[in-house]
Amino acid sequence: MNKPPRALLPLGGTLLAFDAAATRRLEARAAAPGPQPSLLMERAGLSAARLARALCPGAQQVSVLCGPGNNGGDGWVAAWHLHRWGVAVTAHALGGESRTSDHRAAMARARAAGVPISNEPQPSAQAELVLDALLGIGLRSAPAGELAHCLRALGQHPARKLALDLPSGLEADTGRDWGAAACTDTLTFLSAKPGLFTGAGRALAGRVWLDELGASFGGEPAVAELASSALLASWRALSPRAQSSHATHKGRQGDLWVLGGAMPGAALLAARAGLHAGAGRVYLDGRLEADSLQPELILRALPAEGPPVGSCLVAGCGWGEGQADRLAELLERNQHLVLDADALNSLAADASLRARLQQRAGRGARTILTPHPLEAARLLQTAVAEVQADRLRCAQALAQELNCTVLLKGSGTVAASPGQRPLINTTGHGALASAGTGDVLAGWLGGLWAQAPSADPQRLAALAAVWHGLAADQLPLGSAPLPASQLVQRMHQLHP
Ligand SMILES: NC(=O)C1=CN([C@@H]2O[C@H](COP(=O)(O)OP(=O)(O)OC[C@H]3O[C@@H](n4cnc5c(N)ncnc54)[C@H](O)[C@@H]3O)[C@@H](O)[C@H]2O)[C@@H](O)CC1
Ligand SMILES: [K+]
């Protein structure tokens, strides 16, 4: 008997995510020859039926939408169990002929047991709970015809919706949406799939549950690590404050420089964030006389020779255009550089700047880029939709090409560095969708880096994203956007 599924979000520790190919290898290893349907499908279907009953204990009417493959097979097993337990369930046979022997066996057994079967490509109007078992990791392209019609009807149906393995139409490896209906819950089998946590995944999957079906991933390579609040605990070990809480002074807590430009508010937010992140001294070169709300900031022009060795520099927030020369100098001089916003646009427009960036790692200088999808698309010379269709791959490609760390923002922020396994942030939601929150993230990251210059940039970038998201997670999903200056205060309260 395998363990009951566990809710993955909010994620307490760290968890590895595996792609569909690894999941299939595991499936093949675990599938012992024997009577049909397979043991794994039996476990998956039973687990789904149990979760369905737990989520909606009093449901009078349940619809199970079954596709033609093994995802549909899981649905047939679940429908069979619900029927045996006396639940009024209707199974919908959709998507054409059975594609697998497991599917055929599961459907035949349900039919023989008297499970009511319908060919209607939509859930019953009275259904209080709908199980979406149309397509899983076998998804290849946009569902069409009957399946597309059914997904549209599902999207409009007011019932609670439980997706089996994945919301049908969501791509497991990427989080690309091919027309899935948003579900209230998703029970995923065998492995945590990256597509549930980035791109369209978070919005479509709802609460995510994992049932490993008694299998184990020993030896299989993971494609990503899911980052959670557990990363915050690691900050205690990295921060100088934790190492010497008595005999210390501001000069030991790290210096951060924030370089602003045409729109001083953006740099101001980044500087305030860096200060609240714990940097000992924060210098702001931002065309400002004073910040009466944050008098701790040291307003000073960056010296011609650059900031003192060991300090971290955040550049690009609110710069405006025409800063290529300034960026060229920074790329030559500074050891620890966080580049955001207009600095990224300057890089995208100028191959010689990109060449300078590529060379930095060779002399031990470190760079973290913090693009949102449009900035990443410009850097990769592609369209935003392409970036969003495969965020993991795009973040890794950009990190590889530019030889630096990339923090690709958006739902399921991805931290990638050349040759390292990327991290996907699992915290945060739409309350962060307001002007200036990106400046706060860049400044916070700079503030952390100033204190821990030898930390791994990829983990540090993921930590900043987790921290940023946790501040939003204190608010219910669907809350009004958080003004960026309030975000800084909330992040400060989360210091471990
Ligand atoms: N066989 C087993 O032992 C297990 C299977 N499992 C389930 O099996 C699923 C994978 O099953 P399958 O590989 O059969 O694939 P799916 O059930 O995900 O897809 C069904 C079929 O649809 C086809 N298809 C792909 N895109 C389509 C589209 N846009 N329109 C129409 N048809 C499309 C595929 O070629 C495939 O043959 C997993 O997601 C999981 O739910 C799990 O329960 C674990 C155990
Ligand atoms: K599904």
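Numbering of ligands and ligand atoms starts at 1, following listing order.
- Counting atoms of ligand 1 from 1 in the listed order, those under 4.0 Å from a heavy atom of R24 are 13 (O).
- The shortest side-chain heavy-atom distance between E401 and L380 falls under the 4.5 Å cut-off.
- Salt-bridge formation is not detected for the pair R160/E128: no Lys NZ or Arg NE/NH1/NH2 atom is positioned less than 4.0 Å from an Asp or Glu carboxylate oxygen.
- Counting only protein N, O or S atoms closer than 3.4 Å to the K ion (ligand 2) gives 6.
- For D74, there are no salt bridge (charged side-chain N to carboxylate O under 4.0 Å, His left out) partners two or more places apart in sequence or in a different chain.
- With respect to the salt-bridge test (charged N to carboxylate O, under 4.0 angstrom), the residues R459 and E225 qualify.
- For the ligand labelled ligand 1, residue S141 lies inside the 4.0 Å heavy-atom shell.
- Atoms of ligand 1 found under 4.0 Å from any heavy atom of L139 (numbered from 1 in listed order, with element): 25 (C), 26 (N).
- The option from I137, L40, N70, D74 that lies nearest to atom 42 (C) of ligand 1, judged by heavy atoms, is D74.
- Residue-ligand proximity, A44 to ligand 1, at heavy-atom distances under 4.0 Å covers atoms 43 (O).
- For the pair R6 and D211, the salt-bridge criterion is not met [side-chain N within less than 4.0 Å of a carboxylate O].
- Remark: ligand 1 atoms within the under-4.0 Å shell around heavy atoms of P143 are 29 (N).
- Side chains of N345 and E375 form a contact here, defined as non-hydrogen atoms less than 4.5 Å apart.
- Between L135 and ligand 1, no pair of N/O atoms sits closer than 3.5 Å.
- Among residues at least two apart or in separate chains, ring pair (Phe, Tyr, Trp, His ring centres under 6.0 Å) pairs with a member in residues 6-29 are F18-F217.
- Figure legend: R53 and W85 shown as a cation-pi pair, the cationic atom lying under 6.0 angstrom from the six-membered ring centre and within 45 degrees of its axis.
- Here atom 16 (P) of ligand 1 lies nearest to G136 when heavy atoms of A163, A172, G136 are compared.
- Taking a cutoff of 4.0 Å between a charged side-chain nitrogen and a carboxylate oxygen, E42 and R109 qualify as a salt bridge.
- One finds a salt bridge joining K409 and D340 here, because a Lys/Arg side-chain nitrogen approaches an Asp/Glu carboxylate oxygen to under 4.0 Å.
- Look at E386 and R176 and you find no salt bridge, because none of the NZ, NE, NH1 or NH2 atoms lies under 4.0 Å from a carboxylate O.
- Listed by number with element, the atoms of ligand 1 under 4.0 angstrom from any heavy atom of A142 are 29 (N).
- When heavy-atom distances to ligand 1 are checked against a 4.0 Å cut-off, L147 comes that close only through its side chain, counted from C-beta outward.
- Those atoms of ligand 1 with a heavy atom of D165 less than 4.0 angstrom away are 38 (C), 39 (O), 40 (C), 41 (O).
- The ligand atoms of ligand 1 that sit less than 4.0 angstrom from a heavy atom of D102 are 1 (N).
- Proximity of a side-chain donor or acceptor of H83 to a complementary backbone N or O of A113 within less than 3.5 Å is detected.
- Contacts of E42 with ligand 1, taken as heavy-atom pairs under 4.0 Å, are absent altogether.
- With sequence neighbours left out, R360 forms a side-chain hydrogen bond (donor to acceptor under 3.5 Å, both in side chains) with T367.
- Residue-ligand proximity, R140 to ligand 1, at heavy-atom distances under 4.0 Å covers atoms 25 (C), 26 (N).
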